[in-house]
Amino acid sequence: MRKISYREALREALREEMRRDPTVFLLGEDVGRYWGGAFKVTEGLAEEFGDERVRDTPISESAIIGAAVGAAITGMRPVAEIMFGDLTALAMDQIANQAAKIHYMFGGQVKVPLVIRTPFGAGVNIAAHHSQSLEAWFMHVPGLYVAVPSTPYDAKGLLKTAIRGSNPVFFCEHKLLYPIEGEVPEEEYMVPFGIADIKREGADVTVVATLYMVHKALNAAEELEGEGISVEVVDPRTLAPLDKQAIIKSVKKTGRIIIVNEDCKTAGVSAEIAAVVAEEAIDYLDAPIKRVAEPDTPIPFSPPLEQYVIPDEKAIINAVKEVV
Amino acid sequence: MRKISYREALREALREEMRRDPTVFLLGEDVGRYWGGAFKVTEGLAEEFGDERVRDTPISESAIIGAAVGAAITGMRPVAEIMFGDLTALAMDQIANQAAKIHYMFGGQVKVPLVIRTPFGAGVNIAAHHSQSLEAWFMHVPGLYVAVPSTPYDAKGLLKTAIRGSNPVFFCEHKLLYPIEGEVPEEEYMVPFGIADIKREGADVTVVATLYMVHKALNAAEELEGEGISVEVVDPRTLAPLDKQAIIKSVKKTGRIIIVNEDCKTAGVSAEIAAVVAEEAIDYLDAPIKRVAEPDTPIPFSPPLEQYVIPDEKAIINAVKEVV
Amino acid sequence: MTLTLTKEKLVEIYMKMLEIRFFEEKVFELYAQNLVPGTIHLYAGEEAVAVGVCGNLRKDDYITSTHRGHGHCIAKGAELKRVMAEILGKKTGYCKGKGGSMHIADFSIGMLGATAVVGAGIPIAVGAGLSIKLRDTDQVAACFFGEGASNQGTFHESINMAAIWKLPVIFVCENNLYAMGTRQSRVMAIKNVADRATAYGIPGEVVDGNDVLAVYEAAQKAVETARKGEGPTLIECKTYRHKGHSRIDLAKYRPKEEVEEWLAKDPIKRFKEKLLQTNTLVEAEIQQIEKEVSAEIEEAVKFAMESPYPAPEEASEDVYA
Amino acid sequence: MTLTLTKEKLVEIYMKMLEIRFFEEKVFELYAQNLVPGTIHLYAGEEAVAVGVCGNLRKDDYITSTHRGHGHCIAKGAELKRVMAEILGKKTGYCKGKGGSMHIADFSIGMLGATAVVGAGIPIAVGAGLSIKLRDTDQVAACFFGEGASNQGTFHESINMAAIWKLPVIFVCENNLYAMGTRQSRVMAIKNVADRATAYGIPGEVVDGNDVLAVYEAAQKAVETARKGEGPTLIECKTYRHKGHSRIDLAKYRPKEEVEEWLAKDPIKRFKEKLLQTNTLVEAEIQQIEKEVSAEIEEAVKFAMESPYPAPEEASEDVYA
Ligand SMILES: Cc1ncc(C[n+]2csc(CCOP(=O)(O)OP(=O)(O)O)c2C)c(N)n1
Ligand SMILES: Cc1ncc(C[n+]2csc(CCOP(=O)(O)OP(=O)(O)O)c2C)c(N)n1
Ligand SMILES: [Mg+2]
Ligand SMILES: [Mg+2]
């Protein structure tokens, strides 16, 4: 099968959906022809679909999402880009109080088919305001779906599902994933929400990981294989809805679970997954649950500092070894 | 000992600290002489300290917190009020990206002695935009402390600690707590951060609860006592820092834990506490961890709907009975 | 106040204003009897704004609304009984009781909903305008907000966006002089919110918000401009709320003379006098209208009171579509 | 461009501009050699703004800065070597390597820090102004931001707040015509950001941001007004960045003629010519200054390059005070 990058996969999803449905349009800062998005995901789309449908905006995050909400409830399917995940903080009211709640508050009268794309993640030395992973905030907001694709295949399939859906989707990308290549079929496909993918089967320990951490978990699993430890890597692909059953099923098999996420540990994504297991599958556990996450610090700039806080293969391997 | 309300206790803390330290000042929408705060916490303070130090602001949440940050790093100790906790979403960048990160980003050069007070909680039929409990968002932000007082005594003592500290404190109040009365000494005292309070001792089950839920947990414990079940109610009082040791110590004693919080269940406060126990004290558990929380819905308006989503004594009792 | 409209239109305008007034008086009464859960923000005194603006709108035009939204709903054509039922938390309300007074919407008439976050409806109206532009229709979107809201960041970001894209949005500032207990002069160093239009390169106009025909005319011009694709207008309507901000607020922060002065400028009284003076209507017709509206309100209340509450479990529905 | 200042002051101004220019050229060079982690936003071309404004400030006055902040730091009096060390991620940097290019601060000279969230520094400057007022000193706070930032909600909320409280804040918009690839005319329907001052009832002034004395004079007036307790001013400086927005941006979105036109208006070249024409300085003095500044920069680079990285574990320090 052909291989394309995560970035290209996202772009293909956007292009295909824009061709298919004239109500789909993009808006965000510098998503248009002059820049093509800070991470070049939307490059070339303005040339094909025009400046109206690939719309550069002022630096007004709150109004970008607000405008997307208004468009979504009046017949359009906006895909808004927030240039860096950290900046979603500026639009938190429009995301969490408006987009997520409109369907409910108004008694189901209207749908909000809105996608918010944004990159999270550290690793390129751009410090505290451009490196966070804040998925947990959005997971905590009922009414939103939260997608966390780790591969080009998932990125494309999930984005198409997001765009065609009837609900606001908070679509998390990761800076370090954009150049990563993977197999993506030529023919159309979708990846459903709420269905985890077993990225690697194993028998001894379950490692649940998302986004870029999936790749680190796979590297760790490979290395542990050499030491005779068989790791199952479960990628939830969407955090809301969360495929609890897939996680629990894996835990039933392995009796051990490590949860790896790039966000700050406290009250992060891994807390929720740990809590689900502690509530619903504790009897199958043969060891304490372990979380591998960033320590509770802002992301520092200097390379040695930054590397210190980002969870790595070694941390995953150590955690696995502590429980087997 | 004399009894005063939670509201009065907060006001006393503000008054005492403003008398003690001329750098302490208040700002927020209608905190001044014309209204005294939406929940009347600051009533009478403008009369004593003047309009400059009890400062009404425009409806500009983001600039309220931003201005408080700027004042805090230049020698003042602002106490900002956000009228409803839901509206902190509008100031999320200033809270999470600026206030919380300035000390770190700038290498420890400056302190940010800033308190943000806001009421959370449902129960008075003011629907989706005025009823949320969003503590988990702030717990997930390193650099912030998060206080969650449940009694007049704790409210006063924690607020004084918050105001005298060197770090930004996100100070959560609860609408239904304001009129509640409790013992508060005349003489000065402080409640330290990171020290849980055992609100009731018990032997069979640990119930960790915060804010208004502490009172429901105590009611439930009382009722369960009659049925021969002894419940220990642990109130962390601050979520960051979290007194893990007190929680774990209680779990070691009881072998069972129910976590009760008013926020939406998924990725909420109770997830973090469950994860801590699952990581650090799983061997002491004789039953699955249980979370009692709001279901994952926005808060509905109509009384029967709203009552349905707010965790109540019955839910706590049921959860306890499931594990004993 | 000139009367170039047809008698039919004038009567319609008068009736709508009266509907709002009587409706709000009834809500206040029910509130006093403890029959309204939560809080209320009454529109009484500001009727000329909603009615003057919505009088220019088609059913397929949009509006966004605020915490003080009953008047907007009614002016846009919502059914009184379903508004009332929503306010009482009944299953027959527009939002099945999930929204309440601060979150009423009726998408069938382009009423895109009230938000209780001050200023949050402004970008949503811009989005509706953008949608209109992209779908290439000649609809317009009107956006109501208070003078207090005009200090929110969303006001700035939104109007700028509408201006650069020449969106068909009419920004209607209801300047009732206060935001809760805060007088405008304490939070704004300028007198007219409309002057802020220059910051975006769009027209800004101040109108007497208690003169329904003045509002009507200003809105008419703005709507025409918008429909022609010539972009947004900011209209500031100077008005006053008759009651306190919400619930049991006695509004002691307002000088007595000021209140009296504004009560004397009651938009309904003024319009009625005009209709009588110009012999557009005679007293008997006025009385007939009042009777009709009263009956309508009674019916709405009856409907709402007799409607059932939603079943508790319905709280779990409508989280996702 | 008039020369009413002392020679000493004029030399100081020239030197500061040169320091910034040479510093940025060096950063660019180091970046090309892969010695600068992350990204950079160079201030080259805009020196007249920071220097013209900060030339009026005392050490105990405050500034807030942006992602494009090196120039602000240097103009306010930060040590070149510690700025450079921070940019290279070294322990000897102002923020011990935790902040980097986008987050430099030096509280000892009132440099309250750069924020990388566009517009987020504006309310913080207002807070500094409020603090000044409450502490009753005669300090002032200057706040730098781009024309792109002037579309953020914080711009609006902050200036309004400063205006109503008459805070001693100078809002300095560095209008370099672009926000990344976005030309001002595509995101703002007006030409002058300064015109937005009318929305807040404060003075707004447009100045040639490539004429350091023009900036100096405008800032002087604003600073005087602020110190006297007469409130804030919005100054818009029309300028241009010589390089792309960041990193390896080649800025192809800018017409070649436009770039050339602005390069011809280089603020340093212009000021130098003026100094020579008026015989304030002679060529030899200029050369001497250039040599001195070059040496300073070399020293700063040497210091930064030889400084150690922080130990990895230091990442866990400074989360709480
Ligand atoms: C963002 C936000 N801040 C504060 C509040 C609390 N609040 C509700 S209404 C109101 C006053 C609004 O004033 P204005 O915009 O002038 O509208 P009015 O009530 O006068 O119609 C305030 C502060 C809120 N709901 N949302
Ligand atoms: C709130 C926010 N939105 C977007 C970005 C990404 N970004 C960084 S700089 C920049 C352009 C800023 O333009 P302007 O304010 O004019 O300053 P300039 O770079 O021209 O100096 C953008 C969009 C950001 N850092 N913060
Ligand atoms: Mg008002
Ligand atoms: Mg710019």
Side-chain angles (χ1 to χ4, degrees), chain A residues 61-62 86-97 100-101 104-105 127-129 132 134-143 239-240 242 259 263-283 285 287-291 294-298 300-301, chain B residues 61-62 86-97 100-101 104-105 127-129 132 134-143 239-240 242 259 263-283 285 287-291 294-298 300-301:
Chain A
E61 279 75 10
S62 194
D86 316 64
L87 310 174
T88 59
L90 288 159
M92 205 60 185
D93 176 66
Q94 288 295 331
I95 299 171
N97 287 335
K101 293 184 174 54
Y104 188 87
M105 287 194 308
H129 285 165
Q132 295 170 85
L134 298 167
E135 305 92 288
W137 281 357
F138 302 96
M139 218 181 155
H140 189 48
V141 178
L239 293 172
L242 180 68
I259 307 154
D263 59 355
C264 290
K265 182 175 178 181
T266 296
V269 167
S270 51
E272 174 59 26
I273 295 173
V276 165
V277 173
E279 278 190 326
E280 302 182 25
I282 203 165
D283 292 341
L285 286 177
I289 295 172
K290 291 231 162 273
R291 293 183 278 173
E294 257 161 15
D296 292 319
T297 78
F301 163 68
Chain B
E61 280 74 9
S62 195
D86 316 64
L87 310 174
T88 58
L90 287 159
M92 206 61 184
D93 176 66
Q94 288 295 330
I95 299 171
N97 287 335
K101 293 185 174 56
Y104 188 88
M105 287 194 309
H129 286 165
Q132 295 169 86
L134 298 167
E135 304 91 286
W137 280 358
F138 302 95
M139 221 181 152
H140 189 47
V141 178
L239 293 172
L242 179 67
I259 307 154
D263 58 356
C264 290
K265 183 175 178 180
T266 296
V269 166
S270 51
E272 173 58 26
I273 295 173
V276 165
V277 173
E279 277 190 327
E280 302 182 26
I282 203 165
D283 293 341
L285 286 177
I289 295 172
K290 290 230 161 274
R291 291 183 281 173
E294 256 160 17
D296 292 319
T297 77
F301 163 68

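Throughout, a chain's letter reflects where its sequence line sits, starting with A, and its residues are numbered from 1.
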Side chain / backbone / both / neither for [X] at chain B, heavy atoms under 4.5 Å:
{"X": "A:Val269", "result": "neither"}
{"X": "A:Ile282", "result": "side chain"}
{"X": "A:Ala127", "result": "neither"}
{"X": "A:Ala281", "result": "neither"}

Contacting region of [X] [heavy-atom separation from chain A under 4.5 Å]:
{"X": "B:Val276", "value": "both"}
{"X": "B:Ala91", "value": "neither"}
{"X": "B:Met105", "value": "side chain"}

**For chain A, the option from B:Pro300, B:Ala287, B:Ser270, B:Ala96 that forms the most heavy-atom pairs under 4.5 Å** = B:Pro300
**Request:** Pick whichever of B:Leu87, B:Asp283, B:Asp263 has the most heavy-atom pairs under 4.5 Å with chain A.
**Result:** B:Asp263
**Request:** Tell me, out of A:Thr297, A:Ile289, A:Ile259, who's got the most heavy-atom pairs with chain B below 4.5 Å.
**Result:** A:Ile289
**Prompt:** Using a cut-off of under 4.5 Å for heavy-atom pairs, which of A:Pro295, A:Gly268, A:Ala274 has the most such pairs with chain B?
**Reply:** A:Gly268
**Item:** Test side chain to side chain donor-acceptor pair (under 3.5 Å) applied to A:Glu272 - qualifying residues, sequence neighbours left out
**Value:** B:Arg291
Rounded to the nearest 0.5 Å, what separates atom [atom1] in [X] from atom [atom2] in [Y]?
{"X": "B:Asp86", "Y": "A:Lys101", "atom1": "CG", "atom2": "NZ", "value": "7.5 Å"}
{"X": "B:Leu285", "Y": "A:Leu285", "atom1": "CG", "atom2": "CG", "value": "10.5 Å"}
{"X": "A:Met92", "Y": "B:Leu90", "atom1": "CE", "atom2": "CG", "value": "11.0 Å"}
{"X": "A:Glu279", "Y": "B:Lys265", "atom1": "CD", "atom2": "NZ", "value": "3.5 Å"}
{"X": "A:His129", "Y": "B:Asp93", "atom1": "NE2", "atom2": "CG", "value": "6.5 Å"}
{"X": "B:Asn97", "Y": "A:Gln132", "atom1": "CG", "atom2": "CD", "value": "5.0 Å"}

**Asked** Is there a side-chain contact between B:Pro288 and A:Glu280, using heavy atoms and a 4.5 Å cut-off?
**Response** no
Closest non-hydrogen atom pair between [X] and [Y], with its separation:
{"X": "B:Ala267", "Y": "A:Met139", "value": "CB-CB, 4.1 Å"}
{"X": "A:Thr266", "Y": "B:His140", "value": "O-ND1, 2.7 Å"}
{"X": "A:Ala275", "Y": "B:Ala271", "value": "CB-CA, 3.8 Å"}

**Under the ring pair (Phe, Tyr, Trp, His ring centres under 6.0 Å) test, residues paired with B:Tyr104 that sit two or more places apart** = none
